[in-house]
There are 2 protein chains.
Amino acid sequence: MTKRKSAAISLPEVRNRLREAGLRCTPARVAAINCLFASPTPLSSGEIVEALEPAGFDKSTVYRTLSEFTECKIVFRLDLGDSMRHYELSDVGTHAHFKCRQCGEIQCLDDFSFEISPRKHKAVRLGSVNEVLLRGLCEACE
Amino acid sequence: MTKRKSAAISLPEVRNRLREAGLRCTPARVAAINCLFASPTPLSSGEIVEALEPAGFDKSTVYRTLSEFTECKIVFRLDLGDSMRHYELSDVGTHAHFKCRQCGEIQCLDDFSFEISPRKHKAVRLGSVNEVLLRGLCEACE
DNA sequence: ATCGCAAGTGCAACTGATTTGCAAATACCT
DNA sequence: AGGTATTTGCAAATCAGTTGCACTTGCGAT
Ligand SMILES: [Mn+2]
Ligand SMILES: [Mn+2]
Ligand SMILES: [Zn+2]
Ligand SMILES: [Zn+2]
């Protein structure tokens, strides 16, 4: 359930999500959730700042909002490199991402499964993996 | 062939690598290659700057050097997120990396193979993937 | 509905990583 | 050795993100 069906989420529903997460319902937070909800792909902090600044929200507020959301697991923060953090609502479920080196396009890979297997028996043990990122060239850029 | 056997690489050999890549052989570049060669894991720009600054090399020179190396494919640049770029000599071959969210440790996953397969038939086509990054908690941090 | 105050906000100044302009130094081809 | 395009050091600029602080505001309790 990654792609959004509706372009908007109702205020009471947003309020609910916030309260459940133990956060007060403020205009900045509502705006941030709406913004993320409307996007089919993860948004960078910069994109979210740009989206909310015209409405009068300060960038520091936006950054703080995103950190809080990340802490209470309302959003998932992706470290895609290129010194840009990206966020997506965590209710879309865990999935891998692909990022094109050339054009920067990000794809959510809901449709893919990953098999990670040690080649040798005595391979290093990995802890737990909760983010998979692939990088390369998208079809268009290839 | 990821782990280094010898701790040093001879000057003529470094010179050779540089000339082959179409780069002049300068002290800063030699120092950078030696630094990367001596490390079993990818180094961050900051770590390389710290290593070379005491010898009198300016950080801007180090950054420029690393960009040039990346352009001529002498090194491979990893975008591990956390606003930190890491570099490894590209002759160690392509392999995936694991980064611990907690302690920041980076592991080179030479011993692992990856299977990426579409779940549905009509899945999005991926372009070419040349970097795989896993993130999670290492054994120690778990 | 109103109150009190902890939580949240705007603003401006700060950080840390990386980049850039430029004049001086240097690698290397002849 | 000489000439020149390349590389370097330095200082100043960027860019994403953070922080201190005084001022507001959301909301549980009255
Ligand atoms: Mn996604
Ligand atoms: Mn590696
Ligand atoms: Zn692309
Ligand atoms: Zn760890």
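Within every chain, numbering begins at 1; the chains are lettered A, B, ... in the order of the sequence lines, protein sequences first and strands thereafter.
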Quiz item: So, is B:Y63 near the phosphate of C:dT19, with a side-chain N or O under 4.0 Å from OP1 or OP2?
Solution: no
Quiz item: Is B:R29 near enough to D:dT6 that one of its side-chain N or O atoms lies under 4.0 angstrom from OP1 or OP2?
Solution: no
Quiz prompt | Of A:T65 and B:G46, the one whose closest DNA chain C nucleotide lies more 5' | solution = A:T65
Could you tell me the separation between the [atom1] atom of [X] and the [atom2] atom of [N], rounded to a whole number of Å?
X     : N      : atom1 : atom2 : value
A:L43 : D:dA16 : CG    : P     : 16 Å
A:E47 : D:dA16 : CD    : C1'   : 14 Å
B:E71 : D:dT6  : CD    : C1'   : 14 Å
A:F57 : C:dG10 : CZ    : P     : 7 Å
B:L52 : C:dT18 : CG    : C1'   : 16 Å
A:D79 : D:dG17 : CG    : C1'   : 13 Å
A:L66 : C:dT9  : CG    : C1'   : 15 Å
A:F69 : D:dG17 : CZ    : P     : 17 Å

Self-check item: Connected via hydrophobic side-chain network under 4.5 Å: B:L36 and B:M84
Solution: no
Self-check item: Criterion side-chain contact (heavy atoms from CB on, under 4.5 Å) on B:L134 and B:K99, from CA distance to verdict
Solution: CA-CA 6 Å; B:L134 308 181; B:K99 176 157 190 199; over 6 Å; no
Quiz item: Which nucleotide in the list C:dT18, D:dG9, C:dT9 gets nearest to the side chain of B:T61?
Solution: D:dG9
Quiz item: Choosing from C:dT19, D:dT18, D:dA16, which nucleotide comes nearest the side chain of B:S67?
Solution: C:dT19
Exercise. Indicate the atoms forming the closest heavy-atom contact of B:I74 with B:A21, along with that distance.
Key: CD1-CB, 3.6 Å
Quiz item: Yes or no on side-chain contact (heavy atoms from CB on, under 4.5 Å) for A:S39 and A:F37, after CA distance, side-chain angles and deciding distance?
Solution: CA-CA 6 Å; A:S39 171; A:F37 190 88; over 6 Å; no
Quiz prompt | Chi angles and distances behind the side-chain contact (heavy atoms from CB on, under 4.5 Å) call for A:L133, A:L78 | solution = CA-CA 9 Å; A:L133 173 62; A:L78 298 147; over 6 Å; no
Exercise. Start with the C-alpha distance between A:D91 and A:R17, add both sets of side-chain angles, then the distance that settles salt bridge (Lys or Arg N to Asp or Glu O under 4.0 Å), and finish with yes or no.
Key: CA-CA 11 Å; A:D91 67 352; A:R17 286 198 195 201; 3.0 Å; yes
Quiz prompt | Audit row: B:Y63, B:V49, side-chain contact (heavy atoms from CB on, under 4.5 Å) steps and yes/no | solution = CA-CA 8 Å; B:Y63 280 111; B:V49 167; 4.0 Å; yes
Quiz prompt | Sole candidate of B:R77, B:R24, B:K73, B:R29 that passes salt bridge (Lys or Arg N to Asp or Glu O under 4.0 Å) when paired with B:E68 | solution = B:R29
Quiz item: About how many Å separate CG of B:L137 and CD of B:E105, when rounded to the nearest 0.5 Å?
Solution: 11.5 Å
Sub-3.5 Å pairs of nitrogen or oxygen atoms, protein against nucleotides 10-14 of chain D:
residue, atom, partner, partner atom, Å
D:dC10, N4, B:S60, OG, 3.3

Quiz item: Once each nucleotide of nucleotides 23-30 of chain D is scored for protein heavy atoms under 4.0 Å, what B/S/- sequence comes out, 5' to 3'?
Solution: --BBSS--
